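In what follows, a structure is listed as structure tokens, so that the remarks can point back to it.
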There are 2 protein chains.
Amino acid sequence: MSEVQETQRDQAAILRFIERYAGHLADAGMQRMAARVFVALLCQDSGRMTATDMAESLQVSPAAISGAVRYLTQANMVEREREPGSRRDYYVVKDDLWYDVITRREQLIHRWESTMREGMDLLGENTPAGMRWKETLEFYAFLHERLPDVMLEWRERRAELHRKWGLGD
Amino acid sequence: MSEVQETQRDQAAILRFIERYAGHLADAGMQRMAARVFVALLCQDSGRMTATDMAESLQVSPAAISGAVRYLTQANMVEREREPGSRRDYYVVKDDLWYDVITRREQLIHRWESTMREGMDLLGENTPAGMRWKETLEFYAFLHERLPDVMLEWRERRAELHRKWGLGD
DNA sequence: TCTTAACTTCATGATTTTGTGAAGTAAGTG
DNA sequence: CACTTACTTCACAAAATCATGAAGTTAAGA
């Protein structure tokens, strides 16, 4: 036990952690494999991995990785990078990850607006049910209006933390 | 066409709307049947329905409703009410629905904290990967701290709208 | 007490989702 | 111009999820 270097990581434990946290994300509606890949990426110091690395460390087929990274890039949670003169794709998590994730999700919800408006019209704008949808539209408008400020506030807090942690922004 | 009363609702269209909006919620990770039941409830003037009503209007079995309302009550999106001296359960959506839904979801995420902390420790608090989880913990702490204010702000905005719409708060 | 209505639970079948292996495409490398 | 590596697509099988009917439970009402 004492012979193990302190900086050496317990890979098995990290894999279990990946499964556990990916499970949380899956509970919240994310595809399981995409969640695994995403969390695995978050556990890399570099925040970068090739598809081959992922397949190997998660013990799944390259095909599964292919599907997962398509989901993640479409959801804008991960970016694909290719070094010139190489066939190897690197997938990388953004620097200010949560800013992007939240902003994205808000945009998704914003696309439900037209459906809600239709519901309101069908039920009648001045009926109790119609007004419930009207209020819902107002709620999403409120979020759409207010969230950017809050996320900006986060950016400031984050910059401050990085200063404190000696990361030089 | 002109013989139809203006206040009469197009039930078929409303059912299609229910399916459509429930589909959005399902995309966001909610169980399909629970989403249907929830949206159906939102389309009632009273915001209340019995399980039997739901089964009938959505054309599904009582068993499916039973499962869906269990999900919804556990997720605190809907409340069960029983009138004394009756065997009929009414399910009802809260008045300030979105306040509760958002607050709930935030609480759910808060429960992931211990998992995240474990990840941070496994990776080493001072490694780049460990610091990413540290930052994530800070982000959720930020939300936990900031969201209540924002939702309170929503309550004020809502009260104002209700005044404008003549709903007397 | 017996009947009936309201709801739940459970086993089952159907559908959907997920991950795989195999085949295919594309792009560096010798 | 072949060879190899990196990745994607596709058909299929395994697994998970979903909704149902049937049986069970509880409680009101006769």
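Quick caveat, the model's predicted, so the values are computed rather than measured. Below, read A as the first sequence line, B as the second, and so on, with proteins coming before strands; counting in each chain starts at 1.
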Distance in angstrom units between [X] [atom1] and [N] [atom2], rounded:
{"X": "B/E56", "N": "C/dA5", "atom1": "CD", "atom2": "C1'", "result": "14 Å"}
{"X": "A/D89", "N": "D/dC7", "atom1": "CG", "atom2": "P", "result": "5 Å"}
{"X": "B/E81", "N": "C/dA6", "atom1": "CD", "atom2": "C1'", "result": "17 Å"}
{"X": "A/Y91", "N": "D/dC7", "atom1": "OH", "atom2": "C1'", "result": "7 Å"}
{"X": "A/Y90", "N": "D/dA6", "atom1": "OH", "atom2": "C1'", "result": "12 Å"}
{"X": "B/E83", "N": "C/dA5", "atom1": "CD", "atom2": "P", "result": "19 Å"}
{"X": "B/L58", "N": "D/dC18", "atom1": "CG", "atom2": "C1'", "result": "15 Å"}
{"X": "B/M54", "N": "C/dA6", "atom1": "CE", "atom2": "P", "result": "14 Å"}

Minimum-distance nucleotide to A/Q31 side chain [options: C/dT18, C/dG19, D/dT8]: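 Nucleotide nearest to A/Q31's side chain: C/dT18.
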Shortest side-chain distance from A/R88, nucleotide among C/dG21, D/dG21, D/dA6: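 Taking heavy atoms from C-beta onward, the closest nucleotide is D/dA6.
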Is atom [atom1] of [X] surrounded by more than 12 heavy atoms (other residues, nucleotides or ligands) closer than 6.0 Å?
{"X": "A/E56", "atom1": "CD", "result": "no"}
{"X": "A/Q107", "atom1": "CD", "result": "yes"}
{"X": "A/R157", "atom1": "CZ", "result": "yes"}

Distance below 4.0 Å between B/R82 side-chain N/O and C/dC7 OP1 or OP2: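 B/R82 to C/dC7 OP1/OP2: no side-chain N or O under 4.0 Å.
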Contact under 4.0 Å: A/T52 side-chain N or O vs D/dC7 OP1/OP2: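 Yes, such a contact exists.
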ring-ring contact (aromatic ring centres under 6.0 Å, His included) between A/W154 and A/Y99, worked out: CA-CA 8 Å; A/W154 159 246; A/Y99 184 92; 9.4 Å; no
Parallel, tilted or perpendicular: ring planes of A/H144 versus A/H110, cut at 30 and 60 degrees: parallel
Residues in contact with DNA chain C, drawn from residues 63-74 of chain A - heavy-atom cutoff 4.0 Å: A/A63, A/A64
Backbone of B/R82 reached by a side-chain donor or acceptor of B/D89 within 3.5 Å: no
Expected output: side-chain B/R36 to main-chain B/A22 donor-acceptor under 3.5 Å: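 It does not hold such a pair.
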Position toward the 5' end of DNA chain D (nearest nucleotide), A/R80 or A/R87: A/R87
Watson-Crick and G-U pairing of DNA chain D, under 3.5 Å, as dot-bracket with | and [ ]: ||||||||||||||||||||||||||||||
Any A/V150 side-chain heavy atom under 4.5 Å of B/F142 side chain: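 Side chain of A/V150 against side chain of B/F142, heavy atoms only: contact under 4.5 Å found.
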Test: B/R111 and A/D27 ion pair at under 4.0 Å: no
